[in-house]
S.K.: 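This is the structure I have questions about; it appears just below.
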Amino acid sequence: MKTIKYLVFAALLFLSAGMSATAQENQQTNSEVKNITKAITANKNNLDAIKDQVKDFVKSNKKNPEALVGLGEAYLNIKDTANAAKYAQMAISRDKHYGNAYCLLGDIAVLKDDGGAAAMWYQNAKTMDPMNPKGYIRYASIYRGRSPEEALQSLEELKKVLPNYPAESEAAHFMYTARKFDKAVLYYSKADSTKLDEGRLREYALASYFTGNTAKSLGISKYGNSRSPRDPVFNRLTFYNSLAAKDYATATEYAEKLFNASDSAKIIERDYLNAGHAYMGLSNYAKAVEMYKQASQINANDNDIHKFLSNAYSSENDTEDALNEYNTYIKNKDNSTANDYMSLAEIYSSAANKALKPTDKIKYLQKADSVYMDIASKFPEYKAYGTYMRATVNSNMDPDFKKGLAKPFYEQLITIVEGHTTKGSNDDAYLKAAYYYLGAYYYTQGNKTDGNIYWKKLLDVDPENTTAKEALGIK
């Protein structure tokens, strides 16, 4: 029953929109109820101090069930259920058709974790005051967690007696608080968005986002922006949803609004990470680095940030910082994958391609070679790949075949592939590359005999290879 209590009282925060307009207005404007409520709250530890004030209030309002319920609610607010029940029953004795009195008794039962009694009192409210939406909504709130279907049935009953009442909004709200976001989206889509308050509009946008419908969420959040430009939820959702749509300009615009033009915004790590991703989409790498570093300040233990920073630095041609960040990422990762090492090798290879000095080019290629050696040794399933890439890298360091740097690796690759019991998807490509290189290598060394062995092997896997045919004199 504790779950029911928390669900219902959480719901009460949103129910003002569900009360009849007259009742809501009377509660807000009735100065006597406000005054007695303030007095009870202020003297909750010494109620004897205001017993005469309460007595006078009851005397002047003994025929007013609304005021008596207001008094009972004041006592319920300080968890004095005895007095709350007393004045609820007094209100019923004055008007047995006043539904809010039954709802107060239901609220008391909720506070006592008695869901069955609460449901009974809310049902009585529906029966005795069928045109009052409060009983239907309270009854639905009891069942929304354990039986959403029964909760919705109560709201459907409300819709029948009050066709113009926004029951869809209430149903959507219950589904949202029950974390049934798909149902929440369904019911909110039936409601008039222009009549939803900001709280319900946020739920609609969030539920759409949580169910993966970022396009719908974007439309709702942008409408929310038009109504509440400084609302952090709407700004965040427009930011996130625009990023999902790869509209990076809008994403960064609303990221900045979230950071700098939102009221009471609590910025989280994900906000900065997504801002970094959005700036990466705009190729504004310096700003992306700034955002990723902000994220790291919030959560220095998020190792992925090093990878994001490395990507940003690499895109900005800041090779050394890119390598430092990525090496940190791999070092801190408990179980680095072959793909992690591949990405590191690609950074070295990219740096080699961009290097202006031949010595720097060789330095980076040697680093890449070392990483591919790790891949081949640490990940058996990638042994052929790692060896092939070592051969490729060494070939780039010896493009004219003079040193034969790639030769031992291509020879290893042939042995690895030929030893496969099950043919791999890349085996033929590996063999073609190896046979081609070895054929060309021996050709440049003037050793046509050994070269022809590999040209013939190349034709076995690639019968139409023109280079092999020319080398062998085949027309």
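Small disclaimer: the values here were computed from a predicted structure and weren't measured.
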S.K.: Write down the atom of Ser217, the atom of Ala205, and the distance for their closest heavy-atom approach.
M.R.: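 Shortest heavy-atom separation between Ser217 and Ala205 comes out as OG-O, 2.8 Å.
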S.K.: Looking only at the side chains, is there a donor atom on one of Ser221 and Thr238 sitting less than 3.5 Å from an acceptor on the other?
M.R.: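 Result is yes, a qualifying pair exists.
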S.K.: Look at atom NZ of Lys44 and say whether more than 12 heavy atoms of other residues, nucleotides or ligands are closer to it than 6.0 Å.
M.R.: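 Counting other residues, nucleotides and ligands, NZ of Lys44 stays at 12 neighbours or fewer.
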S.K.: Please check if the side chain of Asp427 supplies one atom and the backbone of Gly424 the other of a donor-acceptor pair under 3.5 Å.
M.R.: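 Side chain of Asp427 to backbone of Gly424, a donor-acceptor pair under 3.5 Å: yes, one is there.
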S.K.: Please find the pair of heavy atoms, one from Ala351 and one from Thr319, that lie closest to each other, and give the distance.
M.R.: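 Heavy-atom minimum between the residues: CB-CG2, 3.3 Å.
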S.K.: Give me the atom names and distance for the closest heavy-atom approach of Leu243 to Ala251.
M.R.: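 Smallest interatomic distance, heavy atoms only, reads N-CB, 3.8 Å.
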S.K.: Is any side-chain N of the basic residue among Lys287 and Glu290 closer than 4.0 Å to the acidic one's carboxylate O?
M.R.: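 Salt bridge flag = yes for Glu290 with Lys287.
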S.K.: Take Leu47 and Lys51 through the side-chain contact (heavy atoms from CB on, under 4.5 Å) test and state the conclusion after the steps.
M.R.: CA-CA 6 Å; Leu47 293 177; Lys51 63 181 181 180; over 6 Å; no
S.K.: May I ask you to test the Tyr348-Val393 pair for a side-chain heavy-atom distance under 4.5 Å?
M.R.: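 SC-SC contact between Tyr348 and Val393 ruled out.
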S.K.: Hey, are the side chains of Asn241 and Lys216 touching, using non-hydrogen atoms and a 4.5 Å cut-off?
M.R.: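 Heavy-atom side-chain distance check fails, nothing below 4.5 Å.
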S.K.: Less than 3.5 Å apart, any donor N or O on the side chain of Arg200 or Tyr204 sitting next to an acceptor on the other?
M.R.: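 Note: Arg200 and Tyr204 side chains miss the donor-acceptor criterion.
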S.K.: Going by heavy atoms in the side chains, are Leu71 and Ile40 under 4.5 Å from each other?
M.R.: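 Result yes, sub-4.5 Å side-chain heavy-atom pair found.
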S.K.: Taking Met90's backbone N and O only, do any of them form a donor-acceptor pair with Ser93's side chain (distance below 3.5 Å, no angle check)?
M.R.: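 Yes, the answer is positive, given that a donor and an acceptor are paired below the 3.5 Å cut-off.
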S.K.: Measuring from atom SG of Cys103 to atom CD1 of Ile108, what distance do you get when rounded to the nearest 0.5 angstrom?
M.R.: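 It is 11.5 Å, given to the nearest 0.5 Å.
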S.K.: Output yes when a side-chain donor or acceptor of Thr252 lies under 3.5 Å from a complementary backbone atom of Ala249, and no otherwise.
M.R.: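 Checking the backbone N and O of Ala249 against the side chain of Thr252, a donor-acceptor pair under 3.5 Å is found.
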S.K.: Without swapping roles, check the side chain of Lys126 against the backbone of Pro130 for a donor-acceptor pair under 3.5 Å.
M.R.: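 No, the answer is negative, given that no donor and acceptor are paired below the 3.5 Å cut-off.
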S.K.: How long is the straight-line distance from OG1 of Thr214 back to CG of Leu237, given to the nearest 0.5 Å?
M.R.: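 Result: 10.5 Å between the selected atoms.
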S.K.: Going by heavy atoms in the side chains, are Asn317 and Tyr285 under 4.5 Å from each other?
M.R.: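 No, every pair of side-chain atoms sits at 4.5 Å or beyond.
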S.K.: Checking side-chain hydrogen bond (donor to acceptor under 3.5 Å, both in side chains) between Lys333 and each of Asp340, Asp304, Asn303, which is the one that passes?
M.R.: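 The residue from Asp340, Asp304, Asn303 that satisfies side-chain hydrogen bond (donor to acceptor under 3.5 Å, both in side chains) with Lys333 turns out to be Asp340.
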S.K.: Identify the two heavy atoms, one from Tyr388 and one from Ala433, that lie closest to each other, and give their separation to 0.1 Å.
M.R.: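 In terms of heavy atoms, the two residues are closest at CE1-CB, 3.8 Å.
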S.K.: Just how far is it from atom CG of Asn327 to atom CG of Asn332, taken to the nearest 0.5 Å?
M.R.: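 Rounded to the nearest 0.5 Å, the CG-CG separation comes to 10.5 Å.
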S.K.: Using atom types as modelled and distance alone, determine if a side-chain donor or acceptor of Ser60 lies under 3.5 Å from a backbone N or O of Phe57.
M.R.: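 Checking the backbone N and O of Phe57 against the side chain of Ser60, a donor-acceptor pair under 3.5 Å is found.
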S.K.: Side chains of Lys423 and Asp428, heavy atoms from C-beta outward: is any pair under 4.5 Å?
M.R.: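 Contact flag for Lys423/Asp428 side chains = yes.
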S.K.: Mark yes or no: Lys190 above the aromatic ring of Tyr187, with NZ or CZ under 6.0 Å from the six-membered ring centre and no more than 45 degrees from the axis.
M.R.: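 That pair qualifies as a cation-pi contact.
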S.K.: Supply the atom-to-atom distance Leu258 CG to Lys266 NZ, rounded to the nearest 0.5 angstrom.
M.R.: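 Here the rounded value is 12.5 Å.
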S.K.: So how far is it from Leu162 CG to Glu157 CD, rounded to the nearest 0.5 Å?
M.R.: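 It comes to 12.0 Å.
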S.K.: Would you please classify the geometry between the Phe259 ring and the Phe239 ring as parallel, tilted or perpendicular, with 30° and 60° separating the classes?
M.R.: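 Perpendicular, since the angle between the ring planes exceeds 60°.
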S.K.: Please check this pair: side chain of Ser141 against backbone of Arg138, looking for a donor-acceptor N/O pair closer than 3.5 Å.
M.R.: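 Checking the backbone N and O of Arg138 against the side chain of Ser141, a donor-acceptor pair under 3.5 Å is found.
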S.K.: Side-chain atoms of residues 271-281: list all donor-acceptor pairs with protein atoms under 3.5 Å, sequence neighbours left out, distances to 0.1 Å.
M.R.:
residue : atom : partner : partner atom : Å
Asp271  : OD1  : Arg236  : NE           : 2.9
Asp271  : OD1  : Tyr240  : OH           : 2.5
Asp271  : OD2  : Arg236  : NE           : 3.4
Asp271  : OD2  : Arg236  : NH2          : 2.8
Asp271  : OD2  : Ile268  : N            : 3.0
His277  : ND1  : Leu273  : O            : 3.4
His277  : ND1  : Tyr292  : OH           : 2.7
Tyr279  : OH   : Glu256  : OE2          : 2.8

S.K.: With no hydrogens and no angle check, is any side-chain donor or acceptor of Ser349 less than 3.5 Å from a backbone partner on Ala345?
M.R.: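 Indeed, once roles are kept as given, a pair shorter than 3.5 Å links the two residues.
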S.K.: Using a distance-only test with no angle check, is there a side-chain donor-acceptor pair under 3.5 angstrom linking Asn311 and Ser314?
M.R.: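 Their side chains do not contain a donor-acceptor pair, so the 3.5 Å distance test is not met.
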S.K.: Let me see the working for Val185 and Met175 under side-chain contact (heavy atoms from CB on, under 4.5 Å), right down to the final yes or no.
M.R.: CA-CA 9 Å; Val185 172; Met175 291 299 102; over 6 Å; no
S.K.: Kindly check if the number of other-residue, nucleotide or ligand heavy atoms within 6.0 Å of NZ (Lys307) is above 12?
M.R.: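 Yes, enclosed.
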S.K.: Would you check if Thr387 and Tyr430 make a side-chain contact, meaning some heavy-atom pair closer than 4.5 Å?
M.R.: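 With C-beta onward as the side chain, the pair stays apart.
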S.K.: Once rounded to the nearest 0.5 Å, what's the spacing between atom CZ of Arg270 and atom CD1 of Ile298?
M.R.: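 Going from CZ on Arg270 over to CD1 on Ile298, the span is 13.5 Å.
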S.K.: If you take the centroid of each ring, where Trp contributes its six-membered ring, are Tyr329 and Tyr326 closer together than 6.0 Å?
M.R.: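 So the answer is yes for these two rings.
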S.K.: How far apart are the C-alpha atoms of Tyr98 and Leu68, what are their side-chain angles, what is the distance that settles it, and do they pass the side-chain contact (heavy atoms from CB on, under 4.5 Å) test?
M.R.: CA-CA 11 Å; Tyr98 187 60; Leu68 294 172; over 6 Å; no
S.K.: Out of the candidates Leu104, Asn83, Thr37, only one should pair with Tyr75 under the side chain to side chain contact (heavy atoms under 4.5 Å, CB included) rule; please name it.
M.R.: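 Exactly one candidate clears the test, Asn83.
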S.K.: Between Glu66 and Val33, is there a side-chain heavy-atom distance shorter than 4.5 Å?
M.R.: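 No, too far: nothing below the 4.5 Å cut-off.
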S.K.: Please confirm whether the backbone N or O of Tyr136 pairs with a side-chain atom of Ser154, one donor and one acceptor, at under 3.5 Å?
M.R.: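 Judged by distance alone, yes, a pair lies under 3.5 Å.
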S.K.: Report the C-alpha distance between Ile137 and Leu155 in whole Å, list the side-chain angles of each, state the deciding distance to 0.1 Å, and finish with yes or no for side-chain contact (heavy atoms from CB on, under 4.5 Å).
M.R.: CA-CA 7 Å; Ile137 297 169; Leu155 296 174; 4.3 Å; yes
S.K.: Taking Ser189 for the side chain and Leu186 for the main chain, is one N or O donor matched with an acceptor at less than 3.5 Å?
M.R.: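 Yes: the side chain of Ser189 pairs with the backbone of Leu186.
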S.K.: Give a yes or no on whether a salt bridge exists between Glu198 and Arg202, defined as a side-chain N under 4.0 angstrom from a carboxylate O.
M.R.: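 Here Glu198 does not pair with Arg202 in a salt bridge, since their nearest N and O are not under 4.0 Å apart.
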S.K.: Is it true that Tyr188 and Glu203 share a donor-acceptor pair across their side chains at a distance under 3.5 Å?
M.R.: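 Side-chain D/A pair, Glu203 to Tyr188: present.
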S.K.: How about Lys159: does its NZ atom have over 12 heavy atoms from other parts shown lying under 6.0 Å from it?
M.R.: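 Correct, the count exceeds 12.
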S.K.: Would you mind reporting whether Ile375 and Met342 have side-chain heavy atoms less than 4.5 Å apart?
M.R.: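 They are in contact (side-chain heavy atoms under 4.5 Å apart), so the answer is yes.
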S.K.: Taking all atoms of both residues into account, what is the closest heavy-atom pair of Ile347 and Ser310, and its distance?
M.R.: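 The answer is CD1-OG, 3.3 Å.
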S.K.: Verify the ring-centre separation between Tyr102 and Tyr122: is it less than 6.0 angstrom?
M.R.: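 Aromatic pair excluded; centres sit 6.0 Å or further apart.
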S.K.: Can I get a per-line list of side-chain donor-acceptor pairs under 3.5 Å for residues 376-384, giving both atom names and the distance, sequence neighbours left out?
M.R.:
residue : atom : partner : partner atom : Å
Ser377  : OG   : Met373  : O            : 3.1
Ser377  : OG   : Asp374  : O            : 3.1
Lys378  : NZ   : Tyr341  : OH           : 3.0

S.K.: Evaluate the side-chain hydrogen bond (donor to acceptor under 3.5 Å, both in side chains) criterion for residues Asn353 and Ser350: first the C-alpha distance (whole Å), next the side-chain angles of each, then the deciding distance (0.1 Å), finally the verdict.
M.R.: CA-CA 5 Å; Asn353 291 333; Ser350 177; 5.7 Å; no
S.K.: Output yes when a side-chain donor or acceptor of Asn235 lies under 3.5 Å from a complementary backbone atom of Pro229, and no otherwise.
M.R.: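 Flag set: sc Asn235 to bb Pro229 pair under 3.5 Å.
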S.K.: Taking all non-hydrogen atoms of both residues, which atom of Ala167 and which atom of Leu158 are closest, and how far apart?
M.R.: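 In terms of heavy atoms, the two residues are closest at CB-CD2, 4.5 Å.
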